[in-house]
Structures are given as structure tokens and as C-alpha cells.
Amino acid sequence: MSTSVVEEPSAAEFKVVENGTIRGKPKLVSTDGYSYIIKKRTARSVQWRCSVRNKSVQCFSTVLQQGDIFTRGPKQHNHPAIAYLSQTVEIKRDILYERGTVHTLISKLLALPFLPGDQIKRAFTKLKERADTSSKPVADLFTYVNDQWMENSCWSPEELSVYKQTVRTNNDTEGYHRGLNHKAGRGKLAFYVLIPILHQEAKMVDYTVNLVAQEIICRIRRAVYQSLDKRISELWEDYDNHELRTEEFLEKVGEIYGRL
Ligand SMILES: [Zn+2]
């Protein structure tokens with residue numbers, strides 16, 4: 001005699017994906033197509049709440065985690081489940097991770113000129129050794145930096161160095177140019193309009209040199225660049241005192257410039 005068993009819908013399985021959210025926080029995914037973020041964490045348990053919370057839908061469904069045991073809260077989801085959600089979350093996480101690694105690598109490459117000239121090439125070689133050059137874009141980037149900046153017949157890597165230099169951009173000349181346009185009232189001046197303005201400027205040079213010599217005026221800089229320079233100077237100091245390894249130094253300089 002056969003007994004028929006009414007099969008219960010198979011219970012969903014839960015899985016915590018570390019770095020599952022865009023902000024790098026853990027995400028709980030269930031095989032039935034829902035995902036959760038941490039609401040509250042205590043020593044013994046984690047309270048998860050549904051990650052669907054936007055202007056139009058606010059879902060209050062929760063899951064209580066105690067060790068490996070996951071228990072659904074009383075509130076049902078008020079939105080449809082998403083097929084393959086758990087896989088999607090993991091794929092997204094991997095893409096973000098890869099993007100992050102490549103981003104750090106690029107900022108390190110861009111920070112190379114901040115090293116003393118004689119150390120640039122060695123640091124570049126080290127970065128190249130560690131980088132995942134099986135990825136074509138990454139390999140291409142290294143080839144470009146190598147051919148264009150490291151093995152160029154017009155300049156040596158030493159000449160790229162801005163080590164301990166305060167003026168590293170042409171912002172000062174660009175700023176001056178902008179100021180001149182401002183004085184003229186507009187850009188693209190006709191020749192005979194430009195001449196008197198340049199003459200006026202030329203007359204100011206001696207005067208300005210004097211003021212600078214007496215330290216009455218100094219370089220005008222925006223506060224953001226001043227604090228940036230201060231931070232870089234500190235990093236140079238730490239690097240000189242061997243408190244920072246080359247790679248750490250590059251990473252920190254890269255972080256500062258990555259934010260600009
Ligand atoms: Zn929900």
C-alpha cells in the first residue's frame with residue numbers, strides 16, 4: 001500500500017554573502033528569491049530585514065539568524081520574489097570586488113610620480129608582478145605605462161618624479177590666465193585690445209615681485225589643495241622615515257587623488 005505524502009513546499013535555504021551590498025556589508029539571500037540586510041546584530045543573533053525598501057515599496061519582512069539557524073519573522077513579503085537572486089547577488093559582489101581591485105591598481109599607477117625618481121621604475125615593476133595581467137585591459141594598461149612612461153626615449157622615469165614638489169600642476173598658470181580674462185571682461189580679445197592689458201600687467205610685475213619678497217602676498221591657493229598638500233607632505237615624511245612601505249605609500253597617495 002502506498003501512502004501519498006503531501007509535499008510541503010521545500011523550505012528556502014539561506015546564505016550570507018559577505019560584501020554582498022554595494023557598501024561592502026553582508027547580505028542574506030534566500031533560495032526563494034529574497035534578500036536581506038542587517039537590521040541589528042547582537043552577540044547571539046542577527047536580525048535581518050528585507051532589502052526592498054524604496055519610495056514605492058517598503059517591505060517589513062524579517063529573518064532571525066541564530067548561528068546557522070534562520071527563522072522567518074511573522075511579516076510576509078509584500079512584493080514578488082526575484083528568480084536567481086542569490087546568484088545575482090554573488091555575481092554583483094564579484095564584479096564590484098574586481099572593479100575595486102582594478103581601481104586601486106590604477107590609482108597606484110597614477111601615484112608613481114610621487115616617489116623619488118630613482119624608485120619609480122622598481123615600484124612599477126613590482127606593481128606589474130603583482131597585478132593580474134591575465135585580464136587584457138589590465139595588461140594593456142601596463143604595456144601603455146611601460147612604453148609611454150617607463151621606456152620612453154624622450155624622458156626617463158626619473159624626470160616624471162614630483163617628489164617633494166609643491167607645484168605639480170599648471171593650475172597656477174591656468175589660474176593666472178583666467179584672472180586675465182576676468183580683467184579684460186572676456187576672452188578671445190582683439191590684438192589692439194589685448195596689448196594695453198598686457199602692458200598694464202607688465203607694469204605690475206616689479207611691484208608684485210617686491211610684495212612676494214617681503215612676504216606681504218603669497219601664492220593664492222584653494223583650501224582643498226592646501227590640506228591635500230599637507231597630507232601628501234606627511235606621507236612623504238613617513239615614507240622617508242621608513243614608516244610606510246612603497247606600496248602602502250602609493251595606495252595612500254592614490255586614495256587622496258582618487259577622491260578629487
Ligand atoms: Zn521583502
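Bear in mind that the values here come from a model prediction, so they are computed numbers and not experimental data.
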Practice item. Take K252 and E255 through the test salt bridge (Lys or Arg N to Asp or Glu O under 4.0 Å) and record every step on the way to the result. Key: CA-CA 5 Å; K252 293 199 170 185; E255 272 170 20; over 6 Å; no
Identify each donor-acceptor pair in which a side-chain atom of residues 192-209 lies under 3.5 Å from a protein atom, sequence neighbours left out, and give them as a table.
| unit_1 | atom_1 | unit_2 | atom_2 | d |
| --- | --- | --- | --- | --- |
| E201 | OE1 | Y176 | OH | 2.7 |
| E201 | OE2 | K183 | NZ | 2.5 |
| T208 | OG1 | M204 | O | 2.7 |

Of the non-hydrogen atoms in [X] and [Y], which two are nearest, and what is the gap between them?
X: T88; Y: Y84; answer: OG1-O, 2.6 Å
X: A184; Y: L189; answer: CB-CD1, 3.3 Å
X: L115; Y: S161; answer: O-OG, 2.8 Å

[atom1] of [X] to [atom2] of [Y]: how many Å apart, nearest 0.5 Å?
X: L235; Y: E243; atom1: CG; atom2: CD; result: 11.0 Å
X: S135; Y: L141; atom1: OG; atom2: CG; result: 9.5 Å
X: L105; Y: K128; atom1: CG; atom2: NZ; result: 12.0 Å
X: I91; Y: R93; atom1: CD1; atom2: CZ; result: 10.0 Å
X: L112; Y: L127; atom1: CG; atom2: CG; result: 5.5 Å
X: T71; Y: Q66; atom1: OG1; atom2: CD; result: 6.0 Å

Could you tell me whether a side-chain N or O of [X] sits under 3.5 Å from a main-chain N or O of [Y], the two making a donor and an acceptor?
X: S61; Y: K75; answer: yes
X: N152; Y: Q148; answer: yes
X: S51; Y: S35; answer: yes
X: E159; Y: S156; answer: yes

Are the side chains of [X] and [Y] in touch, meaning some heavy atoms are under 4.5 Å apart?
X: W155; Y: W149; answer: yes
X: K25; Y: E18; answer: no
X: V145; Y: M150; answer: yes
X: D140; Y: F142; answer: no
X: V162; Y: Q165; answer: yes
X: I38; Y: P26; answer: yes
X: Q65; Y: V16; answer: yes

Practice item. Test I120 against L160 for side-chain contact (heavy atoms from CB on, under 4.5 Å), laying out the working first. Key: CA-CA 8 Å; I120 292 181; L160 295 179; 4.3 Å; yes
Review point. What residues, two or more places apart in sequence or in another chain, satisfy salt bridge (charged side-chain N to carboxylate O under 4.0 Å, His left out) together with R41?
Key: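 Expected list: none.
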Practice item. Identify, with sequence neighbours excluded, every residue that meets salt bridge (charged side-chain N to carboxylate O under 4.0 Å, His left out) alongside R44. Key: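 Expected list: none.
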Check your understanding: Is there a chain of hydrophobic side chains (I, L, V, M, F, W, Y, each step under 4.5 Å between heavy atoms) that links F70 to V52?
Key ->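 Different clusters.
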Exercise for review: Check whether I37 and V63 end up in the same hydrophobic cluster, where Ile, Leu, Val, Met, Phe, Trp and Tyr are linked by side-chain heavy atoms less than 4.5 Å apart.
Suggested key: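 No.
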Practice item. Could you please spell out the steps behind the side-chain contact (heavy atoms from CB on, under 4.5 Å) verdict for E251 and E248? Key: CA-CA 5 Å; E251 193 170 334; E248 290 168 332; 5.5 Å; no
Heavy atoms from other residues, nucleotides or ligands near [atom1] of [X] exceed 12 (cutoff 6.0 Å):
X: N241; atom1: CG; value: yes
X: H177; atom1: NE2; value: no
X: Q76; atom1: CD; value: no
X: E13; atom1: CD; value: no

Exercise for review: Kindly indicate, with the supporting measurements, whether the criterion side-chain contact (heavy atoms from CB on, under 4.5 Å) is fulfilled by Y163 and W236.
Suggested key: CA-CA 8 Å; Y163 180 65; W236 271 325; 3.4 Å; yes
Exercise for review: For Y36, check ring-ring contact (aromatic ring centres under 6.0 Å, His included) against everything at least two apart and list the hits.
Suggested key: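 Counting only residues at least two positions away or on another chain, Y36 forms a ring-ring contact (aromatic ring centres under 6.0 Å, His included) with H77.
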Practice item. Report the C-alpha separation of L109 and F124 in whole Å, then their side-chain angles, then the decisive distance to 0.1 Å, and conclude whether the side-chain contact (heavy atoms from CB on, under 4.5 Å) test is met. Key: CA-CA 7 Å; L109 276 175; F124 171 75; 3.8 Å; yes
Taking only Lys NZ, Arg NE, NH1 and NH2, and the carboxylate oxygens of Asp or Glu, determine whether [X] and [Y] approach each other closer than 4.0 Å.
X: R99; Y: D94; answer: no
X: K164; Y: D240; answer: yes
X: E247; Y: K126; answer: no

Point to revise | S45 and T42 side chains, donor-acceptor separation under 3.5 Å | key: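 Indeed, the side chains of T42 and S45 share at least one donor-acceptor pair under 3.5 Å.
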Check your understanding: Got a sec, which residues hit side-chain hydrogen bond (donor to acceptor under 3.5 Å, both in side chains) with K121, two or more places apart in sequence or on another chain?
Key ->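 For K121 the side-chain hydrogen bond (donor to acceptor under 3.5 Å, both in side chains) partners, ignoring immediate neighbours, are E151.
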Point to revise | Intermediate values then yes/no, salt bridge (Lys or Arg N to Asp or Glu O under 4.0 Å), E174 and R178 | key: CA-CA 6 Å; E174 294 285 350; R178 206 171 32 237; over 6 Å; no
Point to revise | Connected-component partners of I82 among ILVMFWY, side-chain separation under 4.5 Å | key: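 V17, V29, L85, V89, listed by chain and number.
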Practice item. Measure from the ring center of F114 to the ring center of Y239 and say whether it is less than 6.0 Å. Key: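 They do not qualify: ring centres at least 6.0 Å apart.
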